[in-house]
Every structure is written in structure tokens, then in C-alpha cells.
Amino acid sequence: MATIPAASLLSLSTLCPREWNSLKTSSFVPRWANNNCLKQVVLKQSGKKYPSWARASQITGSAAITAEKLNQEIGCLGVKAEEGEGKLTKVVLKSDGGSEVEIYLFGGCISSWKIPEGKDLLFVRPDAVFNGQKPISGGIPHCFPQFGPGPMQQHGFARNMTWSVASSSNSEGNPTVTLELKDNAYTHSMWDFKFLATYKVTVDSDKLSTELIIKNTDNKAFSFTAALHTYFRASVTGALVKGLKGCKTLSKFPDPQNPVEGVEEREIVNFPGFVDCIYLDAPNKLRLENGLGNAISIENKNWGDAVLWNPHLQMEACYKDFVCVENAKIGKVELEPGQTWSGLQYLTAS
């Protein structure tokens with residue numbers, strides 16, 4: 001029996017319902033157990049062995065750079081490191097126009113995007129854990145090098161590792177920070193390739209821009225899938241998305257293990273109940289009206305696909321307060337040695 005520690009799979013309280021469903025309905029038999037106050041998943045399947053992944057902190061070292069030391073290195077107007085929830089280090093970007101973005105180095109996760117009037121347009125779930133052991137549930141987490149279930153941990157490892165600050169800058173009052181993540185023994189235990197991931201985040205008065213760049217630094221080719229699992233603060237009964245009509249769809253309702261193929265015929269897509277739907281070859285611009293008085297333009301370059309998700313009653317405590325509209329790369333990206341792929345996202349509030 002192989003044991004997969006808590007950092008490699010989420011505890012029951014922080015596991016997305018679509019992730020939990022994929023475990024429940026698979027050939028794996030899940031069992032939840034306590035181990036030193038951490039929950040772990042024990043997966044078993046008769047006659048087969050599965051790998052055991054150590055926590056990232058066990059391999060890379062748990063000592064993260066402090067906010068104080070990071071500020072000595074940054075020295076850039078509008079970019080400041082602070083101690084965040086659970087004493088995790090975060091980087092705060094403040095534009096001259098009054099917008100503010102918070103990015104946790106753990107997971108490279110954007111946890112907050114406040115526009116000048118003070119509204120936070122992103123949502124962090126009330127069951128989110130800030131302990132450096134489990135991915136942060138909410139904001140804009142990374143899914144790399146795997147989106148969804150597969151041979152490695154759910155949604156890959158990038159959201160479960162501490163990124164480093166590569167550089168920062170400020171152009172005309174709009175601050176930028178670039179984070180990076182490199183392969184190590186932890187990543188090689190699941191995905192045996194060398195890579196460099198960089199994540200560039202820029203904020204101005206009404207726009208949050210991100211660019212994820214993946215470079216193959218290995219001497220052999222690799223493939224990956226990816227997504228930005230964006231949680232938008234919303235009133236689920238009033239939220240709607242425009243721009244998806246005509247897209248091919250893979251809907252995981254009612255059976256997540258057997259998606260139903262179709263074509264989106266609606267001009268306006270809403271969230272009447274459980275929604276978990278992939279939109280293939282989606283337009284590079286969508287519009288979300290969050291039901292709280294804000295409209296958000298969601299533009300992208302090179303992501304290609306989109307995902308809408310709301311867990312409905314599977315997450316009764318908070319499903320009414322958010323919707324996920326995700327840019328994704330469902331089909332595998334193939335990279336030869338030395339090649340790069342980039343995906344850009346532009347969120348504009350009005």
C-alpha cells in the first residue's frame with residue numbers, strides 16, 4: 001500500500017468537489033487518516049503499487065525567505081513583501097491608480113485583486129489553509145504540469161511549491177513582479193523533466209495581467225497541460241458569462257467520469273446548479289458579470305480553452321459567493337529541448 005502525504009493530495013476539507021468525485025468514482029479506494037494533525041490520503045488498489053511523494057518542504061527545505069529579507073532585495077516602488085496568513089510570505093503590488101494585488105510565494109498564488117474602490121474581485125474559500133502544506137484554495141492557483149486528475153497529484157505540483165522572486169519593476173506607476181519555479185527532486189519524483197516556469201504579474205488601475213512561461217531546460221522533449229484556476233467573487237444566482245456560444249463542450253454534469261460532448265448554444269451562460277464544463281477552442285475574450293455590480297473582461301493569448309465551474313451544494317458553505325472562469329490548455333503542449341510556451345491573461349474590471 002502506498003501512502004501519499006498531505007502535501008501531495010488535499011485534505012477532505014480543502015479538496016475541490018470535482019477532485020473528490022474523481023477519487024470516489026475511480027478504481028482507487030480512498031481512506032482519510034490523521035497523522036500528526038495532518039490529514040493524508042491512503043489510496044490502495046489490489047495488486048498494483050503507486051508512488052509515494054514526499055512533501056516539497058521535506059526535499060527543498062522548509063525555510064522560506066522572510067518578507068524582511070525579500071524587501072532588501074526588491075527595492076522597487078509599488079512592490080513590497082509582507083507576512084501573510086499563516087506567516088507565509090506574500091508580495092503586494094500597489095498601482096498609482098489605486099489597485100492592489102497580493103501574491104503568495106507558496107503556490108505562486110494570486111489571492112487578492114482589489115480595484116480602486118476597494119472591492120476584491122477574487123475569492124478565497126473559507127476553508128482555505130495557509131500552512132505551506134496544502135495548495136491555497138482560491139484566488140488564482142496554478143495547474144501545472146497537469147490540469148485535473150492524472151498520473152501525478154491533482155492539478156500538478158506548481159500550486160504546492162514555493163516560488164521565488166526573480167525580478168520586479170515599475171512602469172508609469174504600474175508595478176510588476178516576476179516569479180520563477182525550477183525542477184528539483186520533489187518535481188522529478190512525479191515528472192522527471194527539467195524545466196523553468198516564470199510567472200509575470202502586472203497591475204494597473206483597472207487591469208490585472210499575467211504571463212506564464214514554461215521553458216524546457218531538459219535534453220529531452222516533454223508535454224504538459226495547464227490552467228489558471230481563477231475564483232471570481234460573485235453572486236452565483238446573478239453571475240453570467242458571455243462569449244462561449246458555438247464552442248464544443250465537455251460537461252461533467254451529471255457524471256464527472258463520463259463527460260458529455262456537446263455544443264454551447266446559449267449566448268449567456270449562467271450557473272443554475274452544479275457546473276463543471278470544458279469549452280474547447282474558446283474565444284480569446286469572454287465577459288463575466290459577477291452579479292455584484294462588476295463586469296470583468298477575461299482576455300487571453302495562447303491558452304485556447306476555458307472551464308466554468310461551481311460546485312453548488314457540494315460546497316454548501318460558500319458556493320453562492322464565487323464562480324470559476326478558467327483559462328486552460330486542455331490538449332497537451334509539446335516542447336522540445338530549449339523551446340518555450342507562454343500563456344497570457346488580461347483581466348479588466350468595469
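Owing to the predicted nature of the structure, the values given are computational and were not obtained by experimental measurement.
Across every non-hydrogen atom of E326 and W309, the tightest pair is OE2-CB, 3.9 Å.
The aromatic rings of W191 and F157 are tilted relative to each other, their planes meeting at an angle between 30° and 60°. H142 and W163 have parallel rings, their planes meeting at less than 30° on a 0 to 90° scale where 60° marks the start of perpendicular. Between F195 and F144, the ring planes are perpendicular. Angles over 60° get that label, and only those under 30° would be called parallel.
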Notebook entry, point to check: Do D206 and T348 pass the side-chain hydrogen bond (donor to acceptor under 3.5 Å, both in side chains) test, and can you show the C-alpha distance, the side-chain angles, and the key distance before you say yes or no?
Noted result: CA-CA 6 Å; D206 62 354; T348 306; 5.6 Å; no
Next item on the list: Report the C-alpha distance between V323 and L308 in whole Å, list the side-chain angles of each, state the deciding distance to 0.1 Å, and finish with yes or no for side-chain contact (heavy atoms from CB on, under 4.5 Å).
Entry: CA-CA 8 Å; V323 298; L308 301 190; over 6 Å; no
Next item on the list: Verify ring-ring contact (aromatic ring centres under 6.0 Å, His included) between Y231 and H229, making sure each step is shown before the conclusion.
Entry: CA-CA 7 Å; Y231 287 70; H229 191 348; 5.0 Å; yes
Notebook entry, point to check: What's the verdict on side-chain hydrogen bond (donor to acceptor under 3.5 Å, both in side chains) for T202 and T176, showing C-alpha distance, side-chain angles and the deciding distance?
Noted result: CA-CA 4 Å; T202 302; T176 296; 2.7 Å; yes
Checklist line | Test ring-ring contact (aromatic ring centres under 6.0 Å, His included) applied to F130 and Y104, step by step | finding: CA-CA 10 Å; F130 292 80; Y104 277 83; 5.1 Å; yes
Check: Step by step, would you call Q345 with N300 a side-chain hydrogen bond (donor to acceptor under 3.5 Å, both in side chains)?
Finding: CA-CA 4 Å; Q345 176 172 272; N300 84 87; over 6 Å; no
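The closest side-chain heavy-atom distance from T198 to L179 is not below 4.5 Å. Using a 4.5 Å heavy-atom cutoff, the side chains of I298 and N327 are in contact. Between Q146 and P151, the closest side-chain pair of non-hydrogen atoms falls below 4.5 Å.
When the options E267, E264, E289 are evaluated for a salt bridge (charged side-chain N to carboxylate O under 4.0 Å, His left out) with K242, the one that passes is E289.
Rounded to the nearest 0.5 angstrom, S168 OG and L93 CG are separated by 9.0 Å.
At distances below 3.5 Å, at least one donor-acceptor pair connects side-chain atoms of N184 with backbone N or O atoms of T187. Panel note: side chain N284, backbone E299; no donor-acceptor pair is recorded below 3.5 Å.
The stretch residues 93-105 participates, sequence neighbours left out, in these salt bridge (Lys or Arg N to Asp or Glu O under 4.0 Å) pairs: K90-E102, K94-E100. A ring-ring contact (aromatic ring centres under 6.0 Å, His included) check over residues 77-102, counting only residues at least two apart or in different chains, returns nothing.
No hydrogens or angles considered: a donor-acceptor pair under 3.5 Å links the side chains of K119 and N294.
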